[in-house]
2 protein chains.
Amino acid sequence: MKHNVEELLSTHGVKPTPQRMVIAEYLLGTHSHPTADEVFQAVKTKLPVSLSRATVYNTLNALVAAGVVQEVTTEAGRVRYDANMSDHHHFVDIETGDVIDIPAETLNQIKLELGDKYKVRSFHVTIFGEVVGGKAGNTGE
Amino acid sequence: MKHNVEELLSTHGVKPTPQRMVIAEYLLGTHSHPTADEVFQAVKTKLPVSLSRATVYNTLNALVAAGVVQEVTTEAGRVRYDANMSDHHHFVDIETGDVIDIPAETLNQIKLELGDKYKVRSFHVTIFGEVVGGKAGNTGE
DNA sequence: GTCCACGTTTAGACTTATTCTAAATACAGA
DNA sequence: TCTGTATTTAGAATAAGTCTAAACGTGGAC
Ligand SMILES: [Mn+2]
Ligand SMILES: [Mn+2]
Ligand SMILES: [Zn+2]
Ligand SMILES: [Zn+2]
């Protein structure tokens, strides 16, 4: 499992250092859309050396720039990170705060509905609601 | 014009002080989706007394709580304020950074497309693109 | 194998947006 | 007029994120 993370970073032009590997590994293994601080807390014990917040931010920015993960914003002012790079939107459970992936195909009509006045380059839908019947499978993997 | 702002605040349970009036007046008169600091800069000269940033933030939060304006987030970490309380989404011009209102009817299919797995309470679409043929009228008023 | 240049990491300082605090003001009603 | 309460103010505090300068680690040149 560590091996394909190493390869993933390499093929994206990010040198796979221990700090970067453990951060990428964590992001690849969760669907929770963690904040930078949540990444820091989750990962700092997994290294023999002390981990700097600057390294976490540097790594997250490097992974975003390399296209390995993406930033997601739901509430104002909180950046979250997401290793799901498929084309998808987000559903925020207003009871739990959970952020759930919604595949883009599910919302395909949006571009068509906008008509010809606007040339859509990209868009993102954030939906707030409740999951019918408890925890939803995290689609859009 | 000052009179209906006063009334608007009163009917929403916000006591119309000079500071609050001038802030609300500014928000009602623009389509630019300003940040808190842009509000502060625009408004500070319009009062005989010095204006505190705390008052701007207090007022903006009070106006949001009272339902007079809403918060809008486009880029991560920047909260913008919008006196357009009609049901609408936002189009971000990726050339100019302008934030343009899109009426909700234009994107009506979204709820239907989501199916029965998710109960949608609200959603917001942020679209990045280019306006075809220069400046678009600010719809959704 | 040694050395070095360069990329990476670290601790902590810094910046910026926002909230908090405590004191000063304003003012509606008794 | 008096007084309690709401509001405003300046500045301190907080929190997310960036920057800095020093220390570290390592892959090649030799
Ligand atoms: Mn970023
Ligand atoms: Mn707020
Ligand atoms: Zn996602
Ligand atoms: Zn708007």
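In what follows, chains are A, B, ... by sequence order, proteins preceding strands, each numbered from 1. Here the structure is a predicted model, which means the values were calculated and not measured.
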Closest of C:dT10, D:dT9, D:dG17 to the B:T55 side chain is D:dT9
A:T35 vs D:dA16: side-chain N/O to OP1/OP2 distance below 4.0 Å: no
Under the 3.5 angstrom rule, does the side chain of B:E38 hit a backbone N or O of B:T35 as a donor-acceptor pair? yes
Send over the distance from A:F40 CZ to D:dG17 C1', rounded to a whole Å. 14 Å
From CZ (A:R20) to CD (A:E25), nearest 0.5 Å: 15.0 Å
Quick one: do the A:N84 and A:S86 side chains pair a donor with an acceptor below 3.5 Å? yes
d(CG, B:D37; C1', C:dT19) in whole Å: 15 Å
For atom CE of B:M21 and atom C1' of D:dT8, their distance in whole Å: 16 Å
Do any side-chain nitrogens or oxygens of A:Y57 fall under 4.0 Å of OP1 or OP2 in D:dG17? yes
Can we call the ring centroids of B:H31 and B:H33 under 6.0 Å apart? no
Between C1' on D:dT7 and CG on B:L51, what's the gap in Å once rounded to a whole number? 12 Å
First of B:V49 and A:T59 reached from the 5' end of DNA chain C, by closest nucleotide: A:T59
Out of A:V79, A:L27, A:T55, which residue meets the side-chain contact (heavy atoms from CB on, under 4.5 Å) rule with A:L60? A:L27
Separation of B:E71 atom CD from C:dT19 atom C1', in whole Å? 13 Å
In this structure, how many angstroms lie between the C1' atom of D:dT8 and the CG atom of B:L60, rounded? 15 Å
Chi angles and distances behind the side chain to side chain contact (heavy atoms under 4.5 Å, CB included) call for B:L51, B:V22: CA-CA 11 Å; B:L51 175 65; B:V22 82; 5.8 Å; no
Please tell me which of B:P18 and B:A54 maps to the more 5' nucleotide of DNA chain C, matching each residue to the nucleotide holding its nearest heavy atom. B:A54
Would you tell me if any nitrogen or oxygen in the side chain of A:S52 comes within less than 4.0 Å of OP1 or OP2 on C:dT9? no
Rounded to the Å, how far apart are B:N61 CG and D:dA6 P? 18 Å
Taking A:L28 as the starting point, is it possible to reach A:L9 by hopping between hydrophobic residues whose side chains are less than 4.5 Å apart? yes
Provide a list of protein-nucleic acid N or O atom pairs under 3.5 angstrom, restricted to nucleotides 3-8 of chain C.
unit_1	atom_1	unit_2	atom_2	d
C:dT8	OP1	A:R20	NH1	3.0

Separation of C:dT9 atom P from A:I23 atom CD1, nearest Å, is 8 Å
